[in-house]
Structure formats: structure tokens, C-alpha cells
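Step one of this worksheet: look at the structure below.
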Number of protein chains: 2
Amino acid sequence: MKHEDSPHTHHNHNDCIDTALDTAEILCAQQGQRLTKVRRRALELIWESHRPLGAYQLLAKLAEEGFNSAPPTVYRALDFLLGAGLIHKVESMNAYLGCAHADKAHKGYFLICDECHNVMEFDYQDIHAALIEKATHQGFELRAETIELTGLCAKCKAKPAGASA
Amino acid sequence: MKHEDSPHTHHNHNDCIDTALDTAEILCAQQGQRLTKVRRRALELIWESHRPLGAYQLLAKLAEEGFNSAPPTVYRALDFLLGAGLIHKVESMNAYLGCAHADKAHKGYFLICDECHNVMEFDYQDIHAALIEKATHQGFELRAETIELTGLCAKCKAKPAGASA
DNA sequence: TATAATTTTGTTATGATATAACAACTAAAA
DNA sequence: TTTTAGTTGTTATATCATAACAAAATTATA
Ligand SMILES: [Zn+2]
Ligand SMILES: [Zn+2]
Ligand SMILES: [Zn+2]
Ligand SMILES: [Zn+2]
């Protein structure tokens, strides 16, 4: 699994979105889960943002489109999408990000730029294996991993401070 | 650096607290920082809890003792202590934990038990080195690391579910 | 198809975490 | 001693998340 493309990288993001939604439909169907209108649209809206989206930002967008605008609406959709592995939560940002590899079981490891707030998901089996070993060695049964690295992305390092992408 | 003792391990926790406060005094003095009454007491209260303490839990304790009871009081103290490296924030819990090794520069890596909510800090230079290398390889300048592993601690694995320590 | 069971959504209220802004005070420096 | 920088007090508000229960829609069963 390799998904380390920068959000800056030139690409047709509509393709990303389409692929993600197709994958979501398939995965939900396989698992007997219902990708309802609001869930589907929530996922799409998250994907339309390259950067992680906050729950209330998402709620505002949904409200604009006539969906119910109370918080439980968005948190239920987020819970569903998280449970289905279609999105990740970035704990240190309280924000949500579409996962491009929902069909492959994996942990969400992130590189988060302090300057432009773009987030890159990366995969690192060596890290995962080492963490498992470390935890097991201490008699700890590992269930979830939050790996969030913050700093300055390559683009922002090359730019004068403040000029975020 | 080795600080992998379980909070369950029998020990005189008053010694931990005393040591932590002594270290804090020394570090602050060295850096020309002022460990004021409220900051010192906040650190002490955090240390008195083996488990990470929420900001408002801490605020309540401070208020009981006659300190100002508005949120900025506690968040200012927390900011100070975080900045001085005397405590860590556990992002996935929104809670704060005393660091037993404030005198040694290090990243806070945690093992968090879903059952008893105890948190063990662990150190793993290999992981740190690997993450640095990974980030650098992508042109990313790494500044901070959030490594939070959740699951079931050894004690809780050995116990019937629900009987948290 | 009718009915029941299950899941999803609507709605209101509240809880939990964190910061902005500005005034008052205090300690340190000049 | 005046200035300066740092700290604390105070009020208000922003931001993130869940509880509880009613209504509607979907799915399963009779
Ligand atoms: Zn992913
Ligand atoms: Zn950047
Ligand atoms: Zn530490
Ligand atoms: Zn435990």
C-alpha cells in the first residue's frame, strides 16, 4: 500500500472523489451497511476538501444543502464513516479526512503541516510492526494507533512563512 | 531513558511527586521561567493523579483551594507546563499527564488502556529514528510527534471486563 | 400485504473542551 | 523609582461532542 501523494500534487481530484465514493458503495454493500444520502454526501464533502474537515464545517455544508443542521446529524454520519474505515479522525486537529485506501485494513498515520494544514497519510509497515512488538512485549494488547507527526511540509519549507497553500 | 513502570506498580507515589516538583523548580530556574504558585500546584495536582487529568478536573481542584476558577487560569498553567516539557497532553483523551523525564528532551509516546484508562509513557528511540527518517525522506521537517497506542493493558487483560483498576 | 422489528433521522437540550479580549496586578529591569 | 515585561483576574464566547427521546423509513417476518 502506497498513498503518499501530496495533496499539492497535480491531479484531477474529482477522480479521487469518484473512486472513493465507488469504493464506499462497494464496501458498504459487501458489509450489509447502508450508505444513506446524508452519509454519502458527508463522505463526498469530506473528500472535496483536501484538508481535514471539522465536524461543524461539515455540518454547515450539509445544512446549506437542506440536510438537518443539528450536530447529531453530522456526528452520526462521521461515526458511520469512521466505523466503516472510510475516513480517519486526526485527533490533534479534531478533524476528519477521507481515506484513499479504505479497502485495505491499515492504521492512519499522518504528516500534518503546521503552516498550510495539509495532511498526508502515509503507510509504514515497519513502524506498525515495531509498535506491535513493543506493546506485546509489555503485555499490552494493541487495538488502535494514533500516529500524528506535525511540522513543516516540503512546499511550506520552500516558501516564505505565512504564505500557506 | 527508561520510564516504562506501570502506574500499577507498587511505589511511593509521594516520592514521584516530590521528585517531579524538584525537577520542575530546577528546570524553571535554569531557563529563567517562573514556577508560580498556581503553576506549581497545577503540576502537583496532575502528578497526584496517576491517570491523565482533564483541564476542567484540574480547574475544579484548583478552585477548591481558592485559586481563580475561570478556564483561562487552568489553560494558562497547562500551556506553561507543556511549554516547559513538564507535562504531556494526551491528544486522544484531551487530558494531561506529568512527565517523569522532563529533564531529558524526548517525545511523549503513550500506551493507553481502554479499560482502566491508565497511561504508560514509553520511550523508543528506534521508532523516533524511523519516523525522523521517514519524514525527512518526504522533505518534511518534523517538529512534534503524537504517538498514542490504545488497547488493553496487561492487568486488565488478566481481569474480567468492567473491573477497572 | 400487513405487521413487527430494526435502523435511521429529527429535535431539543446540554455537556465538555478551549480561546479572545482587556483590565488589574506583580515582579523584574532600567 | 519609573518603566517594562510577565502574570493573573474577569467576562464572554467559540468550538467540539453527546444524551435522550420522538418520528420516520427501511427491512424482516408472518
Ligand atoms: Zn487511510
Ligand atoms: Zn505546508
Ligand atoms: Zn515524558
Ligand atoms: Zn488497564
Side-chain angles (χ1 to χ4, degrees), chain A residues 24-25 28-43 45-46 49 51-84 86-97 117 146 148, chain B residues 24-25 28-43 45-46 49 51-84 86-97 117 146 148:
Chain A
E25 295 281 8
C28 288
Q30 282 176 356
Q31 296 163 23
Q33 299 278 65
R34 288 159 57 192
L35 190 65
T36 61
K37 271 187 191 173
V38 67
R39 292 169 176 173
R40 192 180 201 282
R41 187 60 183 142
L43 179 59
L45 286 166
I46 289 170
S49 164
R51 303 177 195 182
L53 205 57
Y56 280 69
Q57 291 175 279
L58 175 56
L59 184 58
K61 287 173 192 281
L62 287 171
E64 276 175 18
E65 302 181 5
F67 289 97
N68 182 25
S69 65
T73 296
V74 76
Y75 282 104
R76 284 165 179 159
L78 290 170
D79 281 350
F80 175 87
L81 297 171
L82 285 168
L86 298 168
I87 61 173
H88 296 289
K89 179 177 184 183
V90 183
E91 292 288 349
S92 59
M93 296 178 82
N94 293 316
Y96 305 83
L97 185 69
H117 308 293
T146 299
E148 299 176 4
Chain B
E25 294 282 7
C28 288
Q30 281 175 359
Q31 295 162 24
Q33 298 280 63
R34 287 159 58 193
L35 190 64
T36 60
K37 271 186 191 174
V38 68
R39 290 169 177 174
R40 191 178 202 284
R41 186 59 182 142
L43 179 59
L45 286 166
I46 289 170
S49 165
R51 303 178 196 181
L53 206 58
Y56 279 72
Q57 291 175 278
L58 175 56
L59 184 58
K61 287 173 193 281
L62 287 170
E64 276 176 16
E65 303 181 4
F67 288 98
N68 183 26
S69 66
T73 296
V74 76
Y75 282 104
R76 283 166 180 160
L78 290 170
D79 281 350
F80 176 87
L81 297 171
L82 286 167
L86 298 168
I87 61 172
H88 295 289
K89 178 177 185 183
V90 183
E91 292 288 349
S92 59
M93 297 178 79
N94 292 316
Y96 304 83
L97 186 69
H117 308 294
T146 300
E148 299 177 5

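Chain letters run A, B, ... following the sequence lines, proteins first, then strands; residues in each count from 1.
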> Between CG of B:L35 and CZ of B:F80, what distance do you get to the nearest 0.5 Å?
Replying inline: 5.5 Å
>> Less than 4.5 Å apart, side chain to side chain, heavy atoms only: is that true for B:V74 and B:S69?
In response: no
>> Distance check needed: C:dT8 C1' versus A:R41 CZ, whole Å only.
In response: 20 Å
> For the side chain of A:Q57 and the backbone of A:G54, is there at least one donor-acceptor N/O pair under 3.5 Å apart?
Replying inline: yes
> Side-chain contact, heavy-atom cut-off 4.5 Å: B:L59 with B:Y75?
Replying inline: no
>> Any non-hydrogen side-chain atom of B:L58 less than 4.5 Å from a side-chain atom of B:I46?
In response: yes
>> Would the distance check show the side chain of A:R39 and the main-chain N or O of A:R34 forming a donor-acceptor pair, the cut-off being under 3.5 Å?
In response: yes
>> Considering every strand and a 4.0 Å limit on heavy-atom distances, what is the contact class for A:Y96: base, sugar-phosphate, or nothing?
In response: sugar-phosphate
> Starting at CG of B:L59 and ending at C1' of C:dG15, how long is that distance when rounded to a whole Å?
Replying inline: 15 Å
> For DNA chain D, which nucleotides open and close the run of contacts to chain B, 5' to 3', at under 4.0 angstrom from a non-hydrogen atom?
Replying inline: D:dG6 to D:dT11
> In Å, rounded to the nearest 0.5 Å, how long is the span from CD1 of B:I87 to CG of B:L43?
Replying inline: 7.5 Å
>> What is the distance, to the nearest angstrom, from the CG atom on B:L82 to the P atom on C:dA18?
In response: 10 Å
> At under 4.0 Å between heavy atoms, what does A:R76 touch on the DNA or RNA strands: base, sugar-phosphate, or nothing?
Replying inline: base
> Near DNA chain D, under 4.0 Å by heavy atom, which residues of residues 64-72 of chain B?
Replying inline: B:N68, B:A70, B:P72
> NA contact type, A:K37, heavy-atom cut-off 4.0 Å: base, sugar-phosphate, or nothing?
Replying inline: nothing
> How long is the line joining CG of A:L78 and C1' of C:dT8, in whole Å?
Replying inline: 16 Å
>> What's the separation between atom CD in B:E148 and atom CE in B:M93, rounded to the nearest 0.5 Å?
In response: 9.0 Å
> If only side-chain N and O atoms of B:K89 are considered, is one of them under 4.0 Å from the OP1 or OP2 phosphate oxygen of C:dA18?
Replying inline: yes
> Is it true that the side chains of B:T146 and B:E91 contain a donor and an acceptor less than 3.5 Å apart?
Replying inline: no
> When the distance from CD of A:E91 to C1' of C:dT17 is rounded to whole Å, what number comes out?
Replying inline: 14 Å
>> Could you tell me how far apart A:Y75 (OH) and C:dG15 (P) are, to the nearest whole angstrom?
In response: 17 Å
>> By nearest heavy atom, map B:N94 and A:T73 onto DNA chain C; which one lands nearer the 5' end?
In response: A:T73
> Is any side-chain heavy atom of B:R41 closer than 4.5 Å to a side-chain heavy atom of B:F67?
Replying inline: yes
>> So for the helix from C:dT1-D:dA30 to C:dA30-D:dT1, with five pairs setting each end axis, what is the inter-axis angle to 10°?
In response: 30°
> Say you draw a straight line from CG of B:L81 to NZ of B:K89; how long is it, rounded to the nearest 0.5 Å?
Replying inline: 14.0 Å
>> Rounded at 0.5 Å granularity, tell me how far SG in A:C28 sits from CG in A:L86.
In response: 5.5 Å
> Of B:V38 and B:Y56, whose nearest nucleotide on DNA chain D comes first from the 5' end?
Replying inline: B:V38
